[in-house]
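Order of appearance sets the numbers: ligands from 1, and atoms from 1 within every ligand.
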Amino acid sequence: MSSAKLILNDKEFEFPVIVGSEQEVGIDLTSLRAKTGAITYDPGYGNTGACQSAITYIDGDQGILRYRGYPIEEIANNASFVETCYLLIYGELPNAQQLADFQHQLTYHTLIHEDMKKFFEGYPAKAHPMAIMASMVTSLSTYYEESDDPAVTKLNMIRLLAKAKTIAAFSYKKSIGQPYIYPRNDLSYTGDFLHMLFAVPAEPYQISPVLERALNLLLILHADHEQNCSTSTVRMVGSSRASLFASIGAGICALWGPLHGGANQEVIEMLEMIRADGGDYHKYMNLAKDKTSSFKLMGFGHRVYKNFDPRAKICKAITDEVLGALGIHDPLLEIAKNLEEIALSDSYFVERKLYPNVDFYSGIIYRAMGIPTNMFTVLFALGRMPGWIAHWQEMRGDSATKINRPRQVYTGAPERHYVPVAQR
Ligand code: CMC
């Protein structure tokens with residue numbers, strides 16, 4: 001297959017076809033407007049390929065997710081989050097020396113400029129940590145110079161990965177009115193983050209290996225997901241030559257929405273609402289199916305996965321393990337399992353291919369870890385950081401990148417003429 005034909009107004013036009021390394025077929029319509037005068041119409045971009053990418057492969061029908069060719073199950077079971085960051089950004093798994101150097105760099109760039117701490121003081125105590133996270137990441141560009149020099153960009157990628165967890169932890173400490181805990185160079189990436197989140201100056205804090213392992217896994221599961229809303233935002237903003245920090249700040253804002261990364265917070269709030277209402281999950285299943293109601297079953301459905309979300313499968317499998325190891329019985333888990341069981345056999349959900357997504361069980365694990373609900377999406381952002389960086393870098397290095405500028409089909413008033421106010 002090397003070309004596709006389109007007939008418009010009885011005229012035939014031919015377009016080249018590109019085939020990806022997994023035999024994905026794309027019709028190259030870059031010459032469509034020039035040849036035909038027409039544009040494509042695809043709201044939500046469900047059929048539009050905006051770029052060629054070598055980072056992540058998803059087959060939604062088969063439930064396949066691979067980072068740089070490696071199945072998510074293998075990475076999740078064997079790698080560390082830091083190793084995963086290296087893989088996504090540089091394209092290959094690091095050898096022992098490369099990993100040690102990378103780990104060292106991520107450790108030694110964790111401090112944020114002391115003056116930036118004053119920013120946190122300015123936010124109200126009830127500020128959502130996602131708003132703080134987005135503003136602080138964008139603000140990094142005011143302290144750390146950005147330029148087109150590849151060495152500067154490389155350093156800024158490291159800075160962003162290293163400082164993101166300090167920013168995330170400080171935003172949490174701000175929200176509960178506790179003193180900030182500074183990063184420690186003797187701890188692992190995940191251990192250091194847990195320490196900054198949960199330690200208090202008055203007491204020694206013992207990092208739980210169960211929490212460290214669970215956090216490592218959840219960050220890996222969130223590390224990349226090809227052209228989703230936030231990653232496409234990062235690429236789109238970056239296509240105007242906006243800086244790394246500005247582009248990723250925009251991506252964090254896109255992730256915040258309840259249909260995207262914000263769903264993990266919404267899932268827990270939904271489960272809590274069901275419990276407070278007497279635990280009648282059947283009522284809410286019916287509400288989710290009722291087209292006159294705006295209620296959705298949060299944590300269900302996905303634009304791409306139409307069989308199962310492999311991340312959700314891994315999450316569900318470790319939920320019992322983590323809760324068991326921590327000795328926690330969470331009634332919300334029972335409600336979640338009941339909702340899933342009904343949905344998997346209910347014709348509404350089966351016909352629409354709606355399955356639990358990654359956000360359905362991740363919130364229950366975060367909750368068991370003692371992480372407050374409004375921090376869940378911040379954790380998603382922390383995990384997605386290497387994916388955003390890898391895509392920004394790939395987009396910048398791709399000679400086919402042009403400033404992103406979609407077209408539209410105008411449906412407003414035809415030309416008309418101004419009438420002075422007294423005559424209207
Ligand atoms: N509960 C009830 N009905 C649903 C749901 C849901 N969670 N999701 C989709 N549907 C229905 C929808 O009403 C539509 O029905 P109909 O064909 O009768 O009009 C049909 O299923 C197709 O849905 P859609 O909205 O056209 O699908 P989409 O691909 O545009 O949206 C989605 C995907 C994830 C935004 C959507 O499924 C949803 O809103 N889910 C809940 C929010 C959520 O969990 N988001 C996290 C996604 S995974 C994390 C991430 O990577 O962002």
Side-chain angles (χ1 to χ4, degrees), residues 42-48 55-58 60-61 63-65 67 72 130 218-234 251-271 273-274 281-316 335-336 339-366 373 376-388 391:
D42 184 21
Y45 308 125
N47 307 285
T48 299
I55 301 168
T56 288
Y57 173 69
I58 298 177
D61 295 325
I64 290 173
L65 168 63
Y67 294 161
I72 186 64
M130 275 300 270
L218 289 170
L219 294 181
I220 289 176
L221 294 183
H222 285 119
D224 192 42
H225 215 232
E226 52 116 302
Q227 309 308 316
N228 53 81
C229 176
S230 56
T231 303
S232 299
T233 299
V234 168
I252 295 172
C253 291
L255 184 76
W256 191 6
L259 299 187
H260 192 10
N264 53 15
Q265 173 171 345
E266 300 274 328
V267 169
I268 293 298
E269 286 170 358
M270 174 188 78
L271 296 173
M273 180 176 75
I274 297 175
Y281 47 88
H282 291 281
K283 174 177 156 188
Y284 288 90
M285 284 304 285
N286 289 333
L287 213 53
K289 298 189 281 181
D290 180 355
K291 291 293 171 194
T292 62
S293 140
S294 60
F295 180 79
K296 274 185 168 192
L297 201 53
M298 299 310 286
F300 262 74
H302 199 275
R303 171 64 59 80
V304 181
Y305 294 120
K306 299 298 175 197
N307 185 343
F308 66 92
D309 178 340
R311 304 167 301 170
K313 227 177 175 178
I314 300 171
C315 256
K316 186 181 177 188
I335 299 175
L339 286 173
E340 181 184 357
E341 199 181 313
I342 300 177
L344 292 182
S345 57
D346 185 294
S347 60
Y348 175 95
F349 289 88
V350 173
E351 278 160 22
R352 288 170 181 76
K353 302 185 176 188
L354 301 171
Y355 298 91
N357 57 49
V358 68
D359 289 326
F360 196 61
Y361 285 106
S362 61
I364 292 175
I365 303 177
Y366 286 140
T373 317
F376 292 179
T377 316
V378 170
L379 283 251
F380 192 151
L382 196 60
R384 187 54 55 87
M385 211 53 79
W388 288 330
H391 281 275

Fill in: CE-CG distance between Met270 and Leu339, expressed to the nearest 0.5 angstrom
5.5 Å
Worksheet item: Which residue from Leu354, Asn357, Asp290, Thr231 reaches closest to atom 47 (C) of ligand 1 through any of its heavy atoms?
Response: Asn357
Discussion item. Checking side-chain polar atoms at under 3.5 Å, does Asp224 have a donor or acceptor matched by the opposite partner on Thr56?
Written reply: yes
Worksheet item: Short list, please: which atoms of ligand 1 are under 4.0 Å from a heavy atom of Ala263?
Response: 43 (C), 44 (O), 45 (N), 46 (C)
Item to complete: Flag atom 27 (O) of ligand 1 as yes if some protein heavy-atom distance to it falls below 4.0 Å, otherwise no.
Response: no
Item to complete: Can you measure from OH (Tyr305) to CZ (Arg311) and round to the nearest 0.5 angstrom?
Response: 5.0 Å
Fill in: Spatial distance of atom CZ (Phe360) from atom SG (Cys315) [nearest 0.5 Å]
11.5 Å
Discussion item. Counting only nitrogen or oxygen atoms and a 3.5 angstrom limit, does Pro258 reach ligand 1?
Written reply: no
Worksheet item: How many angstroms lie between OH in Tyr284 and CG in Leu271, if you round to the nearest 0.5 Å?
Response: 11.5 Å
Worksheet item: Does ligand 1 have an atom that lies less than 4.0 angstrom from a heavy atom of Gly44?
Response: no
Item to complete: Answer yes or no: are there more than 12 heavy-atom neighbours, outside Lys313 itself, under 6.0 Å from its atom NZ?
Response: no
Worksheet item: What residue and heavy atom of the protein are closest to atom 11 (C) of ligand 1, and at what distance?
Response: Tyr348 OH, 3.5 Å
Worksheet item: For Asp42 and Asn47, does a side-chain donor sit closer than 3.5 Å to a side-chain acceptor?
Response: yes
Worksheet item: Does the distance from a Lys or Arg side-chain N to an Asp or Glu carboxylate O, for Lys316 and Glu340, drop under 4.0 Å?
Response: yes
Discussion item. Please give me the minimum heavy-atom distance between Tyr348 and Lys289, naming the atom from each residue.
Written reply: CB-CD, 3.3 Å
Practice prompt. Give the residue and atom name of whichever protein heavy atom lies nearest to atom 42 (C) of ligand 1, and the separation in Å to one decimal.
Written response: Met298 CE, 3.5 Å
Practice prompt. Return the orientation label for the Phe380 and His260 ring planes: parallel under 30°, perpendicular over 60°, tilted otherwise.
Written response: perpendicular
Discussion item. I'd like the name of whichever of Leu297, Val358, Val267, Leu255 reaches closest to atom 7 (N) of ligand 1 through any heavy atom.
Written reply: Leu297
Worksheet item: Can you tell me how far the NE2 atom of His282 sits from the CG atom of Leu287, to the nearest 0.5 Å?
Response: 14.5 Å
Worksheet item: Under a 4.5 Å cut-off applied to non-hydrogen side-chain atoms, are Thr373 and Tyr366 in contact?
Response: no
Worksheet, complete the sentence: the protein heavy atom lying closest to atom 49 (C) of ligand 1 turns out to be Asp359 OD2, 3.2 Å
Discussion item. Counting non-hydrogen protein atoms only, what is the nearest one to atom 40 (N) of ligand 1? Give residue, atom name and distance.
Written reply: Phe300 O, 2.9 Å
Discussion item. Do Met130 and Leu255 make a side-chain contact, defined as non-hydrogen atoms from C-beta onward lying under 4.5 Å apart?
Written reply: yes
Worksheet item: For atom 13 (O) of ligand 1, which of Lys291, Lys353, His302, Arg352 has the closest heavy atom?
Response: Lys291
Worksheet item: Which heavy atom of the protein is the closest neighbour of atom 29 (O) of ligand 1, given with residue, atom name and distance?
Response: Arg303 NE, 2.7 Å
Worksheet item: Hey, is atom 31 (O) of ligand 1 under 4.0 Å from any protein heavy atom?
Response: no
Discussion item. Please state which option from His260, His225, His222, Met270 has its nearest heavy atom closest to atom 50 (C) of ligand 1.
Written reply: His260
Practice prompt. Distance to 0.1 Å, residue and atom name: give those for the protein heavy atom nearest to atom 36 (C) of ligand 1.
Written response: Lys296 NZ, 4.0 Å
Discussion item. Taking distance alone, with N or O pairs closer than 3.5 Å, would you say Gly299 contacts ligand 1?
Written reply: yes
Worksheet item: Within the structure, does at least one protein heavy atom fall under 4.0 Å of atom 22 (C) of ligand 1?
Response: no
Worksheet, complete the sentence: In ligand 1, the atoms that come under 4.0 Å of a heavy atom of Ala288 are 2 (C)
Practice prompt. Could you tell me if any non-hydrogen atom of Phe295 lies under 4.0 Å from any atom of ligand 1?
Written response: no
Discussion item. Among all the protein's non-hydrogen atoms, which is closest to atom 34 (C) of ligand 1, and how far away is it?
Written reply: Gly301 O, 3.6 Å
Discussion item. With a 4.0 Å cut-off on heavy atoms, is Leu259 in contact with ligand 1?
Written reply: yes
